[in-house]
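Okay, so here's the structure we're looking at.
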Amino acid sequence: MSTHAASLRLKVSGTCFFLQILTIILFAVFVRYSPDTSFGLASPQQNCSSNGNPDSDSRFHHPCFRDVHLQTLIGFGFLMAFLSRYGTGSMAVNFLVAAFAIQWAILIQGFFYSFLNGKIYMEAQSMVNAEFCAGAILISVGAVLGRANPLQMLLMTLLEVILFTVNEYILLDLMGVSDSGGSLTVHTFGAYFGLMVSRNLHQPHSDKRNQQQDMGHYPDVLAAVGTIYLWIFWPGFASATTVRTSAEPWAVLNSYLALAASTLATFVISPLLHEEGTLRMTQVQDATLAGVAMMGMAGEMLLAPFGALITGFLAGLISPLGFTFLTPVLCSRLKIQDTCGVHNVHGMPGILGALLGTLLTALATADAYGNRMELVFPHVADGSRSATYQAVCQLCALPVTLLLVVLGGSVAGAILKMKRLGSSLEMPNWEYEMHWEVAGERRASREEPGGSTSV
(Lines give C-alpha, C1' and ligand atoms only; values in the text may rest on other atoms or scores of the structure.)
Protein backbone atom coordinates (compact mmCIF):
# COMPACT_ATOMS: atom_id res chain seq x y z
CA MET A 1 0.00 0.00 0.00
CA SER A 2 1.41 3.41 -0.92
CA THR A 3 2.04 6.10 1.69
CA HIS A 4 -0.56 8.31 0.02
CA ALA A 5 -3.21 5.58 0.14
CA ALA A 6 -2.50 4.81 3.81
CA SER A 7 -2.65 8.49 4.71
CA LEU A 8 -5.94 8.93 2.87
CA ARG A 9 -7.48 5.92 4.59
CA LEU A 10 -6.53 7.35 7.98
CA LYS A 11 -8.08 10.68 6.99
CA VAL A 12 -11.31 8.96 6.00
CA SER A 13 -11.39 7.01 9.27
CA GLY A 14 -10.66 10.11 11.33
CA THR A 15 -13.22 12.20 9.46
CA CYS A 16 -15.95 9.59 9.96
CA PHE A 17 -15.13 9.44 13.66
CA PHE A 18 -15.16 13.22 14.02
CA LEU A 19 -18.42 13.70 12.11
CA GLN A 20 -20.21 10.98 14.06
CA ILE A 21 -19.08 12.34 17.43
CA LEU A 22 -20.07 15.85 16.31
CA THR A 23 -23.58 14.74 15.31
CA ILE A 24 -23.99 12.79 18.57
CA ILE A 25 -23.09 15.90 20.57
CA LEU A 26 -25.42 18.11 18.52
CA PHE A 27 -28.26 15.59 18.86
CA ALA A 28 -27.68 15.44 22.62
CA VAL A 29 -27.80 19.22 22.94
CA PHE A 30 -30.60 20.10 20.51
CA VAL A 31 -32.74 17.15 19.37
CA ARG A 32 -35.75 15.89 21.28
CA TYR A 33 -38.71 13.77 20.22
CA SER A 34 -41.85 15.77 19.64
CA PRO A 35 -44.22 15.17 22.57
CA ASP A 36 -47.30 15.43 20.36
CA THR A 37 -47.81 14.48 16.70
CA SER A 38 -50.05 17.53 16.32
CA PHE A 39 -47.31 19.78 17.68
CA GLY A 40 -47.65 22.00 14.63
CA LEU A 41 -44.13 21.54 13.36
CA ALA A 42 -44.16 19.60 10.10
CA SER A 43 -42.32 19.30 6.85
CA PRO A 44 -42.39 22.27 4.47
CA GLN A 45 -44.25 20.17 1.93
CA GLN A 46 -46.99 19.34 4.40
CA ASN A 47 -47.17 22.91 5.65
CA CYS A 48 -47.81 24.03 2.09
CA SER A 49 -50.32 21.28 1.45
CA SER A 50 -52.36 20.75 4.59
CA ASN A 51 -53.04 24.35 5.54
CA GLY A 52 -54.78 23.21 8.68
CA ASN A 53 -57.35 21.10 6.89
CA PRO A 54 -59.16 19.05 9.57
CA ASP A 55 -59.66 16.23 7.11
CA SER A 56 -55.94 15.79 6.51
CA ASP A 57 -54.13 12.94 8.20
CA SER A 58 -50.73 14.12 9.40
CA ARG A 59 -49.91 10.86 11.19
CA PHE A 60 -46.85 8.96 10.14
CA HIS A 61 -47.40 6.19 7.61
CA HIS A 62 -44.79 3.44 7.81
CA PRO A 63 -45.29 2.26 4.19
CA CYS A 64 -44.35 5.75 2.97
CA PHE A 65 -41.15 5.73 5.00
CA ARG A 66 -40.42 2.21 3.80
CA ASP A 67 -40.74 3.26 0.15
CA VAL A 68 -38.53 6.31 0.59
CA HIS A 69 -35.97 4.40 2.64
CA LEU A 70 -35.70 1.53 0.16
CA GLN A 71 -35.37 3.93 -2.76
CA THR A 72 -32.58 5.80 -1.01
CA LEU A 73 -30.50 2.79 -0.01
CA ILE A 74 -31.29 0.19 -2.66
CA GLY A 75 -32.68 2.13 -5.62
CA PHE A 76 -29.88 4.68 -5.74
CA GLY A 77 -27.35 2.03 -4.74
CA PHE A 78 -28.08 -0.09 -7.81
CA LEU A 79 -27.99 3.01 -9.99
CA MET A 80 -24.31 3.35 -9.06
CA ALA A 81 -23.39 -0.30 -9.58
CA PHE A 82 -23.01 -0.25 -13.37
CA LEU A 83 -19.22 0.21 -12.99
CA SER A 84 -18.71 -3.52 -12.76
CA ARG A 85 -15.12 -3.48 -11.50
CA TYR A 86 -15.96 -0.92 -8.81
CA GLY A 87 -19.59 -1.91 -8.24
CA THR A 88 -19.02 -2.94 -4.63
CA GLY A 89 -17.18 0.28 -3.84
CA SER A 90 -19.82 2.37 -5.56
CA MET A 91 -22.60 0.85 -3.48
CA ALA A 92 -20.49 1.26 -0.34
CA VAL A 93 -20.16 4.98 -1.13
CA ASN A 94 -23.95 5.08 -1.38
CA PHE A 95 -24.29 3.73 2.15
CA LEU A 96 -21.55 5.98 3.53
CA VAL A 97 -23.08 9.15 2.12
CA ALA A 98 -26.66 8.19 2.99
CA ALA A 99 -25.76 7.30 6.59
CA PHE A 100 -24.17 10.69 7.22
CA ALA A 101 -26.59 12.73 5.10
CA ILE A 102 -29.65 11.48 7.00
CA GLN A 103 -28.19 12.43 10.38
CA TRP A 104 -26.91 15.80 9.19
CA ALA A 105 -30.17 16.60 7.39
CA ILE A 106 -32.23 15.98 10.53
CA LEU A 107 -30.14 18.61 12.29
CA ILE A 108 -30.01 21.22 9.53
CA GLN A 109 -33.68 20.86 8.55
CA GLY A 110 -34.59 20.88 12.22
CA PHE A 111 -32.98 24.29 12.72
CA PHE A 112 -35.06 25.63 9.82
CA TYR A 113 -38.44 23.99 10.45
CA SER A 114 -38.82 22.63 13.98
CA PHE A 115 -36.57 24.73 16.24
CA LEU A 116 -38.47 26.00 19.25
CA ASN A 117 -37.29 27.12 22.68
CA GLY A 118 -33.74 26.11 21.85
CA LYS A 119 -34.62 22.56 20.84
CA ILE A 120 -35.26 20.65 17.61
CA TYR A 121 -38.42 18.61 17.99
CA MET A 122 -38.02 15.52 15.86
CA GLU A 123 -40.91 13.36 14.68
CA ALA A 124 -41.25 10.45 12.30
CA GLN A 125 -41.88 12.72 9.32
CA SER A 126 -38.43 14.24 9.97
CA MET A 127 -36.92 10.96 8.82
CA VAL A 128 -38.83 11.10 5.53
CA ASN A 129 -37.65 14.67 4.93
CA ALA A 130 -34.08 13.65 5.71
CA GLU A 131 -34.34 10.73 3.27
CA PHE A 132 -35.47 13.13 0.52
CA CYS A 133 -32.41 15.26 1.22
CA ALA A 134 -30.18 12.17 1.13
CA GLY A 135 -31.71 11.29 -2.24
CA ALA A 136 -30.61 14.63 -3.68
CA ILE A 137 -27.10 14.13 -2.29
CA LEU A 138 -26.88 10.66 -3.85
CA ILE A 139 -27.88 12.10 -7.23
CA SER A 140 -24.91 14.46 -6.93
CA VAL A 141 -22.68 11.54 -5.98
CA GLY A 142 -23.63 9.91 -9.27
CA ALA A 143 -22.09 12.83 -11.16
CA VAL A 144 -18.69 12.60 -9.43
CA LEU A 145 -18.53 8.86 -8.80
CA GLY A 146 -15.04 7.54 -9.42
CA ARG A 147 -13.31 10.92 -9.30
CA ALA A 148 -13.98 11.82 -5.67
CA ASN A 149 -12.66 9.74 -2.80
CA PRO A 150 -14.75 9.01 0.33
CA LEU A 151 -13.24 11.95 2.19
CA GLN A 152 -14.34 14.31 -0.56
CA MET A 153 -17.77 12.67 -0.67
CA LEU A 154 -18.27 13.31 3.04
CA LEU A 155 -17.25 16.94 2.74
CA MET A 156 -19.52 17.40 -0.28
CA THR A 157 -22.38 15.92 1.75
CA LEU A 158 -21.66 18.28 4.65
CA LEU A 159 -21.90 21.32 2.38
CA GLU A 160 -24.70 20.14 0.11
CA VAL A 161 -27.14 19.27 2.90
CA ILE A 162 -26.92 22.87 4.11
CA LEU A 163 -27.47 24.30 0.63
CA PHE A 164 -30.27 21.80 -0.06
CA THR A 165 -32.11 22.94 3.06
CA VAL A 166 -31.65 26.61 2.18
CA ASN A 167 -33.00 26.02 -1.33
CA GLU A 168 -35.92 23.96 0.01
CA TYR A 169 -36.74 26.65 2.57
CA ILE A 170 -36.73 29.40 -0.05
CA LEU A 171 -38.87 27.45 -2.52
CA LEU A 172 -41.37 25.69 -0.27
CA ASP A 173 -41.63 28.04 2.68
CA LEU A 174 -40.90 31.55 1.41
CA MET A 175 -42.15 31.21 -2.17
CA GLY A 176 -44.92 28.70 -1.41
CA VAL A 177 -44.01 26.43 -4.34
CA SER A 178 -45.73 23.07 -4.69
CA ASP A 179 -43.13 20.37 -5.41
CA SER A 180 -44.14 17.26 -3.50
CA GLY A 181 -42.23 14.84 -5.74
CA GLY A 182 -39.06 16.92 -5.85
CA SER A 183 -38.62 17.80 -9.53
CA LEU A 184 -36.78 20.93 -8.41
CA THR A 185 -35.78 20.33 -4.81
CA VAL A 186 -34.43 16.80 -5.34
CA HIS A 187 -33.77 15.96 -9.00
CA THR A 188 -32.76 19.31 -10.49
CA PHE A 189 -30.88 20.42 -7.39
CA GLY A 190 -28.98 17.15 -6.95
CA ALA A 191 -28.10 16.79 -10.63
CA TYR A 192 -26.73 20.26 -11.29
CA PHE A 193 -24.96 20.57 -7.96
CA GLY A 194 -23.14 17.36 -8.78
CA LEU A 195 -22.36 18.52 -12.31
CA MET A 196 -20.83 21.75 -11.06
CA VAL A 197 -18.66 19.82 -8.62
CA SER A 198 -17.73 17.42 -11.42
CA ARG A 199 -16.61 20.31 -13.60
CA ASN A 200 -14.14 21.36 -10.92
CA LEU A 201 -12.87 17.79 -10.58
CA HIS A 202 -12.48 17.34 -14.34
CA GLN A 203 -9.75 14.92 -15.43
CA PRO A 204 -8.78 15.20 -19.10
CA HIS A 205 -7.71 11.57 -19.45
CA SER A 206 -10.27 9.76 -17.28
CA ASP A 207 -12.28 6.91 -18.74
CA LYS A 208 -15.74 7.50 -20.17
CA ARG A 209 -18.91 5.96 -18.81
CA ASN A 210 -19.36 3.35 -21.50
CA GLN A 211 -15.73 2.25 -21.19
CA GLN A 212 -16.34 1.34 -17.55
CA GLN A 213 -19.27 -0.97 -18.20
CA ASP A 214 -18.60 -4.65 -18.23
CA MET A 215 -19.97 -6.57 -21.21
CA GLY A 216 -20.98 -9.43 -18.89
CA HIS A 217 -24.28 -9.94 -17.12
CA TYR A 218 -23.33 -8.61 -13.67
CA PRO A 219 -24.20 -4.92 -14.23
CA ASP A 220 -27.39 -5.77 -16.15
CA VAL A 221 -28.63 -8.00 -13.33
CA LEU A 222 -28.21 -5.19 -10.81
CA ALA A 223 -29.82 -2.74 -13.21
CA ALA A 224 -32.77 -5.10 -13.60
CA VAL A 225 -33.19 -5.33 -9.83
CA GLY A 226 -32.88 -1.55 -9.52
CA THR A 227 -35.54 -1.06 -12.21
CA ILE A 228 -37.91 -3.40 -10.38
CA TYR A 229 -37.40 -1.42 -7.19
CA LEU A 230 -38.20 1.78 -9.09
CA TRP A 231 -41.42 0.25 -10.36
CA ILE A 232 -42.52 -1.01 -6.95
CA PHE A 233 -41.53 1.77 -4.59
CA TRP A 234 -41.20 5.04 -6.53
CA PRO A 235 -44.94 5.84 -6.61
CA GLY A 236 -44.84 5.70 -2.80
CA PHE A 237 -41.70 7.83 -2.79
CA ALA A 238 -43.36 10.46 -4.98
CA SER A 239 -46.38 10.68 -2.67
CA ALA A 240 -44.55 10.49 0.68
CA THR A 241 -44.87 14.22 1.40
CA THR A 242 -48.43 14.66 0.17
CA VAL A 243 -51.24 14.93 2.68
CA ARG A 244 -53.16 11.72 3.42
CA THR A 245 -56.86 12.11 2.60
CA SER A 246 -59.68 9.96 1.29
CA ALA A 247 -59.19 11.50 -2.17
CA GLU A 248 -57.59 9.52 -4.98
CA PRO A 249 -53.77 9.52 -4.66
CA TRP A 250 -52.97 11.37 -7.88
CA ALA A 251 -49.21 11.35 -7.19
CA VAL A 252 -49.21 7.55 -7.01
CA LEU A 253 -51.36 7.05 -10.10
CA ASN A 254 -49.54 9.61 -12.24
CA SER A 255 -46.11 8.25 -11.26
CA TYR A 256 -47.11 4.71 -12.08
CA LEU A 257 -48.47 5.66 -15.50
CA ALA A 258 -45.28 7.66 -16.21
CA LEU A 259 -43.20 4.61 -15.29
CA ALA A 260 -45.06 2.45 -17.77
CA ALA A 261 -44.81 4.94 -20.63
CA SER A 262 -41.13 5.77 -20.06
CA THR A 263 -40.25 2.08 -20.09
CA LEU A 264 -42.01 1.54 -23.40
CA ALA A 265 -40.32 4.63 -24.85
CA THR A 266 -36.92 3.06 -24.12
CA PHE A 267 -37.75 0.11 -26.36
CA VAL A 268 -38.77 2.58 -29.07
CA ILE A 269 -35.74 4.84 -29.16
CA SER A 270 -32.74 2.85 -27.86
CA PRO A 271 -32.55 0.31 -30.73
CA LEU A 272 -32.53 3.24 -33.18
CA LEU A 273 -29.61 4.96 -31.45
CA HIS A 274 -27.24 2.01 -31.27
CA GLU A 275 -25.88 0.21 -34.30
CA GLU A 276 -25.86 -3.17 -32.62
CA GLY A 277 -29.58 -2.77 -31.96
CA THR A 278 -29.31 -4.37 -28.54
CA LEU A 279 -30.99 -2.98 -25.44
CA ARG A 280 -29.28 -2.93 -22.05
CA MET A 281 -31.14 -2.89 -18.76
CA THR A 282 -29.19 0.18 -17.69
CA GLN A 283 -30.94 2.10 -20.47
CA VAL A 284 -34.35 0.95 -19.24
CA GLN A 285 -33.39 1.88 -15.70
CA ASP A 286 -32.24 5.38 -16.67
CA ALA A 287 -35.29 6.15 -18.78
CA THR A 288 -37.64 4.80 -16.12
CA LEU A 289 -36.13 7.08 -13.51
CA ALA A 290 -36.33 10.02 -15.91
CA GLY A 291 -40.07 9.46 -16.21
CA VAL A 292 -40.75 9.74 -12.48
CA ALA A 293 -38.30 12.66 -12.16
CA MET A 294 -40.30 14.59 -14.74
CA MET A 295 -43.51 13.73 -12.89
CA GLY A 296 -42.22 15.00 -9.51
CA MET A 297 -43.82 18.45 -9.38
CA ALA A 298 -46.88 17.63 -11.49
CA GLY A 299 -47.65 14.33 -9.76
CA GLU A 300 -50.28 15.62 -7.33
CA MET A 301 -51.72 18.14 -9.80
CA LEU A 302 -54.64 17.62 -12.14
CA LEU A 303 -52.87 15.78 -14.91
CA ALA A 304 -55.22 13.49 -16.80
CA PRO A 305 -54.14 9.84 -17.21
CA PHE A 306 -53.25 10.41 -20.85
CA GLY A 307 -51.14 13.41 -19.75
CA ALA A 308 -49.17 11.22 -17.36
CA LEU A 309 -48.55 8.75 -20.19
CA ILE A 310 -47.38 11.52 -22.52
CA THR A 311 -45.06 12.90 -19.83
CA GLY A 312 -43.48 9.52 -19.14
CA PHE A 313 -43.14 8.72 -22.82
CA LEU A 314 -41.34 12.02 -23.54
CA ALA A 315 -38.99 11.49 -20.60
CA GLY A 316 -38.23 7.99 -21.84
CA LEU A 317 -37.24 9.42 -25.22
CA ILE A 318 -35.23 12.33 -23.83
CA SER A 319 -32.97 10.26 -21.58
CA PRO A 320 -31.43 8.00 -24.30
CA LEU A 321 -31.13 10.98 -26.66
CA GLY A 322 -29.27 12.88 -23.96
CA PHE A 323 -26.78 10.07 -23.44
CA THR A 324 -26.14 9.88 -27.19
CA PHE A 325 -25.90 13.55 -28.11
CA LEU A 326 -25.58 15.76 -25.01
CA THR A 327 -23.22 13.80 -22.78
CA PRO A 328 -20.29 14.00 -25.26
CA VAL A 329 -20.87 17.75 -25.58
CA LEU A 330 -20.84 18.24 -21.81
CA CYS A 331 -17.54 16.40 -21.61
CA SER A 332 -15.78 17.99 -24.61
CA ARG A 333 -17.11 21.55 -24.46
CA LEU A 334 -17.98 22.18 -20.82
CA LYS A 335 -15.44 19.78 -19.26
CA ILE A 336 -18.18 18.06 -17.25
CA GLN A 337 -17.71 14.31 -16.80
CA ASP A 338 -21.09 12.89 -15.81
CA THR A 339 -20.38 9.38 -14.52
CA CYS A 340 -23.95 8.14 -14.02
CA GLY A 341 -25.57 10.47 -16.55
CA VAL A 342 -27.48 12.46 -13.93
CA HIS A 343 -28.01 15.28 -16.43
CA ASN A 344 -30.10 12.98 -18.62
CA VAL A 345 -31.77 11.02 -15.83
CA HIS A 346 -32.45 13.75 -13.25
CA GLY A 347 -31.41 17.18 -14.52
CA MET A 348 -33.30 17.62 -17.78
CA PRO A 349 -36.37 15.67 -16.60
CA GLY A 350 -36.41 17.77 -13.43
CA ILE A 351 -36.40 21.01 -15.40
CA LEU A 352 -39.08 19.77 -17.78
CA GLY A 353 -41.11 18.60 -14.79
CA ALA A 354 -40.90 22.08 -13.28
CA LEU A 355 -42.13 23.62 -16.55
CA LEU A 356 -44.97 21.10 -16.72
CA GLY A 357 -45.91 21.89 -13.13
CA THR A 358 -45.93 25.60 -13.95
CA LEU A 359 -48.30 25.03 -16.86
CA LEU A 360 -50.67 22.91 -14.78
CA THR A 361 -50.63 25.52 -12.02
CA ALA A 362 -51.64 28.28 -14.43
CA LEU A 363 -54.56 26.13 -15.61
CA ALA A 364 -55.76 25.23 -12.09
CA THR A 365 -59.35 26.16 -11.28
CA ALA A 366 -61.52 25.66 -8.21
CA ASP A 367 -64.12 23.81 -10.26
CA ALA A 368 -61.55 21.27 -11.50
CA TYR A 369 -59.80 20.69 -8.16
CA GLY A 370 -62.70 21.04 -5.72
CA ASN A 371 -61.65 20.42 -2.12
CA ARG A 372 -58.23 19.26 -3.30
CA MET A 373 -57.29 22.86 -4.19
CA GLU A 374 -56.41 23.70 -0.58
CA LEU A 375 -54.17 20.63 -0.42
CA VAL A 376 -52.22 21.28 -3.61
CA PHE A 377 -52.37 25.08 -3.83
CA PRO A 378 -53.29 26.42 -0.37
CA HIS A 379 -52.45 30.05 -1.26
CA VAL A 380 -54.79 29.92 -4.25
CA ALA A 381 -57.52 28.27 -2.21
CA ASP A 382 -57.45 30.94 0.54
CA GLY A 383 -57.55 33.72 -2.04
CA SER A 384 -54.14 35.22 -1.23
CA ARG A 385 -52.88 34.32 -4.72
CA SER A 386 -54.34 33.82 -8.14
CA ALA A 387 -53.50 30.72 -10.15
CA THR A 388 -51.43 32.89 -12.49
CA TYR A 389 -49.40 34.36 -9.65
CA GLN A 390 -48.84 30.88 -8.20
CA ALA A 391 -47.64 29.72 -11.63
CA VAL A 392 -45.16 32.62 -11.74
CA CYS A 393 -43.83 31.52 -8.35
CA GLN A 394 -43.48 27.96 -9.63
CA LEU A 395 -41.58 29.22 -12.67
CA CYS A 396 -39.30 31.55 -10.69
CA ALA A 397 -38.31 28.64 -8.47
CA LEU A 398 -36.36 27.12 -11.38
CA PRO A 399 -33.80 29.95 -11.86
CA VAL A 400 -33.51 30.32 -8.08
CA THR A 401 -32.55 26.65 -7.77
CA LEU A 402 -30.13 26.78 -10.70
CA LEU A 403 -28.45 29.92 -9.34
CA LEU A 404 -27.92 28.33 -5.94
CA VAL A 405 -26.52 25.09 -7.35
CA VAL A 406 -24.19 26.86 -9.77
CA LEU A 407 -22.73 29.04 -7.03
CA GLY A 408 -22.79 26.39 -4.31
CA GLY A 409 -21.52 23.60 -6.55
CA SER A 410 -18.66 25.73 -7.84
CA VAL A 411 -17.56 26.64 -4.32
CA ALA A 412 -17.87 23.04 -3.12
CA GLY A 413 -15.94 21.77 -6.13
CA ALA A 414 -13.14 24.23 -5.51
CA ILE A 415 -12.90 23.08 -1.89
CA LEU A 416 -12.90 19.39 -2.83
CA LYS A 417 -10.03 20.00 -5.24
CA MET A 418 -7.68 20.92 -2.40
CA LYS A 419 -4.66 18.63 -2.30
CA ARG A 420 -5.02 17.99 1.43
CA LEU A 421 -8.25 16.16 0.71
CA GLY A 422 -6.50 13.71 -1.58
CA SER A 423 -7.53 15.47 -4.78
CA SER A 424 -8.98 13.31 -7.49
CA LEU A 425 -6.17 14.52 -9.75
CA GLU A 426 -3.93 12.26 -7.67
CA MET A 427 -6.26 9.29 -8.25
CA PRO A 428 -6.30 8.59 -11.98
CA ASN A 429 -8.35 5.81 -13.55
CA TRP A 430 -10.93 5.63 -10.76
CA GLU A 431 -8.54 4.27 -8.17
CA TYR A 432 -11.12 3.06 -5.66
CA GLU A 433 -8.99 0.07 -4.75
CA MET A 434 -7.28 2.13 -2.05
CA HIS A 435 -10.63 2.18 -0.23
CA TRP A 436 -12.78 -0.69 -1.48
CA GLU A 437 -12.42 -4.23 -2.69
CA VAL A 438 -12.50 -4.46 -6.48
CA ALA A 439 -13.53 -7.41 -8.60
CA GLY A 440 -10.05 -8.39 -9.75
CA GLU A 441 -8.67 -8.35 -6.22
CA ARG A 442 -11.59 -10.41 -4.92
CA ARG A 443 -11.08 -13.15 -7.51
CA ALA A 444 -7.34 -13.23 -6.92
CA SER A 445 -7.71 -13.53 -3.16
CA ARG A 446 -10.10 -16.47 -3.51
CA GLU A 447 -7.81 -18.29 -5.87
CA GLU A 448 -4.74 -17.95 -3.67
CA PRO A 449 -4.53 -20.28 -0.64
CA GLY A 450 -4.77 -18.31 2.55
CA GLY A 451 -5.55 -15.13 0.63
CA SER A 452 -7.52 -12.40 2.35
CA THR A 453 -9.85 -9.91 0.75
CA SER A 454 -9.24 -6.22 1.18
CA VAL A 455 -11.91 -3.92 2.52
Taking atom OH of Tyr389 as the centre, report whether more than 12 heavy atoms of other residues, nucleotides or ligands fall under 6.0 Å from it.
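Atom OH in Tyr389 is not packed in, count stays at 12 or less.
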Has Phe112 got more than 12 heavy atoms of other residues, nucleotides or ligands less than 6.0 Å from its CZ?
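Count over threshold, so yes.
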Among [options], find the one that has a side chain to side chain contact (heavy atoms under 4.5 Å, CB included) with [X].
X	options	result
Val93	Leu154, Asn149, Val141	Val141
Val197	Lys417, Met156, Glu160	Met156
Asn254	Leu259, Val292, Leu303	Leu303

Donor-acceptor pair between [X] and [Y] side chains, under 3.5 angstrom:
X	Y	value
Gln103	Gln20	yes
Thr327	Asn344	yes
Gln109	Ser126	no

The test is side-chain contact (heavy atoms from CB on, under 4.5 Å); show your working for Cys393 and His379 and say whether it passes.
CA-CA 11 Å; Cys393 292; His379 298 294; over 6 Å; no
Atom pair [atom1]/[atom2] of [X] and [Y] - distance to nearest 0.5 Å:
X	Y	atom1	atom2	answer
Ile120	Tyr33	CD1	OH	13.5 Å
Ser270	Leu317	OG	CG	9.0 Å
Ile336	Asn200	CD1	CG	9.5 Å
Phe189	His346	CZ	NE2	14.0 Å
Met418	Gln152	CE	CD	10.5 Å
Leu326	Asp338	CG	CG	10.5 Å

[X] versus [Y], closest heavy-atom pair with distance:
X	Y	result
Ala290	Ser319	CB-CB, 4.0 Å
Gly408	Leu163	CA-CD2, 3.7 Å
Tyr256	Trp231	OH-CZ3, 3.6 Å

State, yes or no, whether a side-chain contact exists between [X] and [Y] at a heavy-atom distance under 4.5 Å.
X	Y	value
Leu151	Leu155	no
Met297	Leu356	no
Leu398	Leu355	yes
Thr72	Leu138	yes
Val284	Thr263	yes
Glu168	Cys133	no
Glu300	Ser178	yes
Met127	Val68	no

Side chain of [X], backbone of [Y]: donor and acceptor closer than 3.5 Å?
X	Y	answer
Ser332	Pro328	yes
Arg199	Leu334	yes
Ser255	Ala238	no

Is the Phe100 ring parallel, tilted or perpendicular to the Trp104 ring (thresholds 30°, 60°)?
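The rings of Phe100 and Trp104 lie parallel, inter-plane angle below 30°.
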Check the pair Met301, Trp250 against side-chain contact (heavy atoms from CB on, under 4.5 Å), reporting the backbone distance first and the verdict last.
CA-CA 7 Å; Met301 299 179 185; Trp250 285 352; 5.8 Å; no
Can you check ring pair (Phe, Tyr, Trp, His ring centres under 6.0 Å) on Phe111 and Phe30, steps first, answer last?
CA-CA 9 Å; Phe111 283 118; Phe30 293 108; 5.1 Å; yes
Check the pair Met153 / Val144 against side-chain contact (heavy atoms from CB on, under 4.5 Å), numbers first and verdict last.
CA-CA 9 Å; Met153 294 286 194; Val144 300; 4.0 Å; yes
Assess whether side-chain contact (heavy atoms from CB on, under 4.5 Å) is satisfied between Val406 and Tyr192, documenting all intermediate values.
CA-CA 7 Å; Val406 168; Tyr192 289 104; over 6 Å; no
